[in-house]
Amino acid sequence: QVQLSESGGGLVQAGGSLRLSCAASGSIYRPNDMGWYRQAPGKQRELVAVITSGGSTDYADFVKGRFTISRDNAKNTVILQMNSLKIDDTAVYYCKYSAYSFVYWGQGTQVTVSS
């Protein structure tokens with residue numbers, strides 16, 4: 001079992017920044033992927049960014065150049081640095097951990113971007 005602990009969500013003005021953290025604990029397999037997804041009201045859950053335990057990254061087109069994902073393998077923690085936030089970034093952000101056929105989700109953290 002893997003538990004995911006998310007933090008860093010909150011309220012920020014458009015153009016501002018937030019830093020989300022997700023720490024995984026439990027039975028951690030290597031290699032693995034960790035990432036962030038988001039779901040806005042009335043919309044599908046969508047990929048924001050993912051990073052492998054080897055450091056390879058993948059970003060959704062709508063966040064490229066604004067968000068940066070990184071991880072600390074020693075702490076099994078993934079970080080999402082969000083800059084130049086837009087109102088459309090408002091959503092619940094979910095941390096995801098996957099290794100082989102195992103997939104775990106965090107409970108989500110709210111990000112609200114105001115004008």
| ILVMFWY cluster, Ile79 and Val50 together (side-chain gap under 4.5 Å) | no
Should Leu20 and Met82 count as side-chain neighbours, where that means a heavy-atom distance under 4.5 Å?
yes
Exercise for review: Could you check Lys96 against Met34 for side-chain contact (heavy atoms from CB on, under 4.5 Å), going step by step and ending with a plain yes or no?
Suggested key: CA-CA 5 Å; Lys96 182 183 178 182; Met34 296 186 70; over 6 Å; no
Do the side chains of Val113 and Phe67 join up, straight or via other hydrophobic residues, at under 4.5 Å, putting them in one cluster? yes
TODO: Could you go through the side-chain contact (heavy atoms from CB on, under 4.5 Å) check for Thr77 and Cys22 one step at a time?
DONE: CA-CA 5 Å; Thr77 298; Cys22 175; 5.9 Å; no
* Show the numbers, then the answer: is there a side chain to side chain donor-acceptor pair (under 3.5 Å) between Asn83 and Arg19? => CA-CA 9 Å; Asn83 299 324; Arg19 188 172 187 262; over 6 Å; no
Heavy atoms of Glu6 and Thr109 approach each other most closely as OE1-N, 4.1 Å
Checklist line | Heavy-atom side-chain proximity of Gln1 to Tyr104 below 4.5 angstrom | finding: yes
Scanning both residues in full, the closest heavy-atom pair of Gln81 with Ser17 reads NE2-CB, 3.9 Å
Residues 46-65 vs side chain to side chain donor-acceptor pair (under 3.5 Å), sequence neighbours excluded, gives Arg38-Glu46, Asp61-Lys64
Report task. State yes or no: do Tyr93 and Val63 share one hydrophobic cluster built from I, L, V, M, F, W and Y residues joined by side-chain heavy-atom distances below 4.5 Å, directly or via other members? Result -> yes
- Item | Within one Ile-Leu-Val-Met-Phe-Trp-Tyr cluster: Ile28 and Ile69, side-chain cutoff 4.5 Å | yes
Sequence neighbours excluded, the answer for ring pair (Phe, Tyr, Trp, His ring centres under 6.0 Å) partners of Tyr29 is Phe102
Output for pair (Gln3 CD, Ser25 OG), nearest 0.5 Å, gives 4.5 Å
ask   = Taking the inter-plane angle between the rings of Tyr94 and Trp105 on a 0 to 90° scale, is it parallel (under 30°), tilted (30 to 60°) or perpendicular (over 60°)?
value = perpendicular
- Task: Check the pair Ile87, Ser115 against side-chain contact (heavy atoms from CB on, under 4.5 Å), reporting the backbone distance first and the verdict last.
- Result: CA-CA 7 Å; Ile87 293 176; Ser115 60; 3.9 Å; yes
### Query
Going by heavy atoms in the side chains, are Leu18 and Leu85 under 4.5 Å from each other?
yes
Correct closest heavy-atom pair for Trp36 and Val78 would be NE1-CG1, 3.8 Å
Worksheet entry | Check against side-chain contact (heavy atoms from CB on, under 4.5 Å), Thr90 and Val111 | CA-CA 5 Å; Thr90 296; Val111 171; 5.9 Å; no
Closest heavy-atom pair, Gln39 versus Lys43, reported as atoms and distance to 0.1 Å, is NE2-O, 3.2 Å
dist Ser21:OG -> Leu4:CG (nearest 0.5 Å) comes out at 12.5 Å
- Asp33 side chain reached by Tyr97 side chain, heavy atoms, under 4.5 Å: no
| request: Decide yes or no for Ser98 and Asn32: does some side-chain heavy atom of the first lie under 4.5 Å from some side-chain heavy atom of the second? | output: no
Heavy-atom nearest pair, Ala24 first then Val2, reads CB-CG1, 4.1 Å
| said: For the CD atom on Gln13, are there more than 12 heavy atoms of other groups (residues, nucleotides or ligands in this structure) within a distance under 6.0 Å? | reply: no
